[in-house]
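In what follows, a structure is listed as structure tokens, so that the remarks can point back to it.
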Amino acid sequence: MERTLALVKPDGVARNLIGEVLRFFEQAGLRIVAMKMLRLSKKEAQEFYNVHRDKPFYDSLTDYMSSGPIVALVLEGENAISRCREIMGATNPAEAAEGTIRKSLGLDKEKNTVHGSDSPESAAREIAFFFSERELLAGQR
Ligand code: IDP
Ligand code: MG
């Protein structure tokens, strides 16, 4: 069993696509074990995406990620990290495979509707960024 952190980004929440995104993950057999809606400050978005601080899109990305509410979720399952990434599709919706979330719902390379952790190290850091131990325990089945 593995856990990963996923986000419904501001463009997904704004377009009423929370349920749609959750459906992709649940239908693929991943379990939602923690979930909350929140709004990141610019500072929090900068911290979350710190790994991209030197990229040309960092300022625009962190403006966008703090522009409205998001939904954070912890997904659990076998190979949850790579499966979540597969279900999401490539970063650029135009290049994402048919049937993926980003191909189906993404707007552009920045407003691509979902985030998913890219490694066990990122997953651990990102889950702890959004959820307390208590919140993680609450979703145990
Ligand atoms: P990922 O979300 O598929 O892991 P990353 O390369 O880690 O992609 O980039 C993080 C996020 O930054 C992307 O999901 C997207 O929102 C944004 N982003 C990535 N590359 C670009 C770009 O070239 N232009 C604008 N935004 C970008
Ligand atoms: Mg990434």
Side-chain angles (χ1 to χ4, degrees), residues 1-140:
M1 275 301 167
E2 193 172 65
R3 286 181 167 192
T4 192
L5 186 281
L7 301 175
V8 185
K9 292 180 173 183
D11 69 277
V13 175
R15 289 180 294 140
N16 266 3
L17 295 173
I18 298 169
E20 193 73 359
V21 171
L22 299 185
R23 190 179 60 81
F24 272 90
F25 291 130
E26 288 199 321
Q27 287 202 338
L30 293 174
R31 287 180 168 209
I32 299 166
V33 298
M35 180 161 73
K36 67 170 82 168
M37 180 180 274
L38 72 155
R39 182 166 174 166
L40 294 176
S41 67
K42 172 81 173 175
K43 240 187 179 155
E44 289 167 331
Q46 287 171 327
E47 190 190 339
F48 182 74
Y49 278 116
N50 184 49
V51 62
H52 291 312
R53 65 190 173 279
D54 296 327
K55 304 273 172 61
F57 57 81
Y58 181 65
D59 194 50
S60 173
L61 171 63
T62 53
D63 272 349
Y64 156 60
M65 287 300 294
S66 57
S67 68
I70 62 171
V71 172
L73 45 147
V74 177
L75 299 172
E76 186 176 82
E78 270 178 42
N79 303 310
I81 296 169
S82 62
R83 283 178 58 214
C84 171
R85 300 276 303 182
E86 273 175 37
I87 296 161
M88 285 173 17
T91 306
N92 186 348
E95 290 162 13
E98 220 44 67
T100 62
I101 296 175
R102 284 166 166 174
K103 177 70 172 187
S104 308
L105 308 175
L107 294 176
D108 57 44
K109 200 172 183 184
E110 179 179 81
K111 296 173 179 60
N112 55 8
T113 316
V114 277
H115 166 86
S117 308
D118 64 3
S119 67
E121 297 70 33
S122 302
R125 172 187 169 266
E126 293 176 359
I127 289 169
F129 185 93
F130 284 102
F131 294 96
S132 68
E133 275 309 318
R134 182 164 184 268
E135 289 169 325
L136 293 169
L137 280 174
Q140 276 191 350

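Indexing begins at 1, ligand by ligand and atom by atom, following the structure's order. Below, all heavy atoms of this structure are taken into account, side chains as well, without hydrogens, waters or symmetry copies.
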Heavy atoms only, cut-off 4.0 Å: how does [X] contact ligand 1, side chain, backbone, both, or neither?
{"X": "Met65", "result": "neither"}
{"X": "Leu61", "result": "side chain"}
{"X": "Val51", "result": "neither"}
{"X": "Met88", "result": "neither"}

Spacing of [X] atom [atom1] and [Y] atom [atom2] [to the nearest 0.5 Å]:
{"X": "Phe25", "Y": "Leu30", "atom1": "CZ", "atom2": "CG", "result": "7.5 Å"}
{"X": "Lys43", "Y": "Ser66", "atom1": "NZ", "atom2": "OG", "result": "13.0 Å"}
{"X": "Glu126", "Y": "Ser119", "atom1": "CD", "atom2": "OG", "result": "7.5 Å"}

Heavy-atom nearest neighbour in the protein, as seen from [atom], with distance rounded to 0.1 Å:
{"atom": "atom 9 (O) of ligand 1", "result": "His52 NE2, 3.4 Å"}
{"atom": "atom 1 (P) of ligand 1", "result": "Thr91 OG1, 3.5 Å"}
{"atom": "atom 25 (C) of ligand 1", "result": "Phe57 CB, 3.6 Å"}

- Looking at Leu75, Val74, Leu22, which hits side-chain contact (heavy atoms from CB on, under 4.5 Å) with Met35?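 Only one of Leu75, Val74, Leu22 forms a side-chain contact (heavy atoms from CB on, under 4.5 Å) with Met35, namely Leu22.
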- Query: Has the side chain of Asp11 got a donor or acceptor atom that lies under 3.5 Å from a matching backbone atom of Thr113?
  - Reply: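 Checking the backbone N and O of Thr113 against the side chain of Asp11, a donor-acceptor pair under 3.5 Å is found.
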- Side-chain (Arg83) to main-chain (Ala28) donor-acceptor, under 3.5 angstrom: yes
- Message: Could you report the tightest heavy-atom contact between Ile81 and Arg3, atom names first, then the distance?
- Response: CG1-O, 3.8 Å
- Short list, please: which atoms of ligand 1 are under 4.0 Å from a heavy atom of Asn112?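 Per the distance check, 13 (C), 14 (O), 15 (C), 16 (O).
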- Message: Tell me whether ligand 1 is touched by Lys55 - counting only heavy atoms on the residue side and a distance under 4.0 Å.
- Response: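 The answer is no: ligand 1 sits nowhere under 4.0 Å from a heavy atom of Lys55.
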- Message: Can you tell me if Asp118 contacts ligand 1 (heavy atom of the residue under 4.0 Å from the ligand)?
- Response: no
- Could you name the option among Lys9, Glu110, Lys109 that has the heavy atom nearest to atom 23 (O) of ligand 1?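 Shortest heavy-atom distance from atom 23 (O) of ligand 1: Lys109.
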- Query: Which is closest to atom 2 (O) of ligand 1 by heavy-atom distance: His115, Arg85, Arg102?
  - Reply: Arg102
- Check: Lys42 and Asp63 side chains under 4.5 Å, non-hydrogen atoms: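 Yes, at least one pair of side-chain atoms sits under 4.5 Å.
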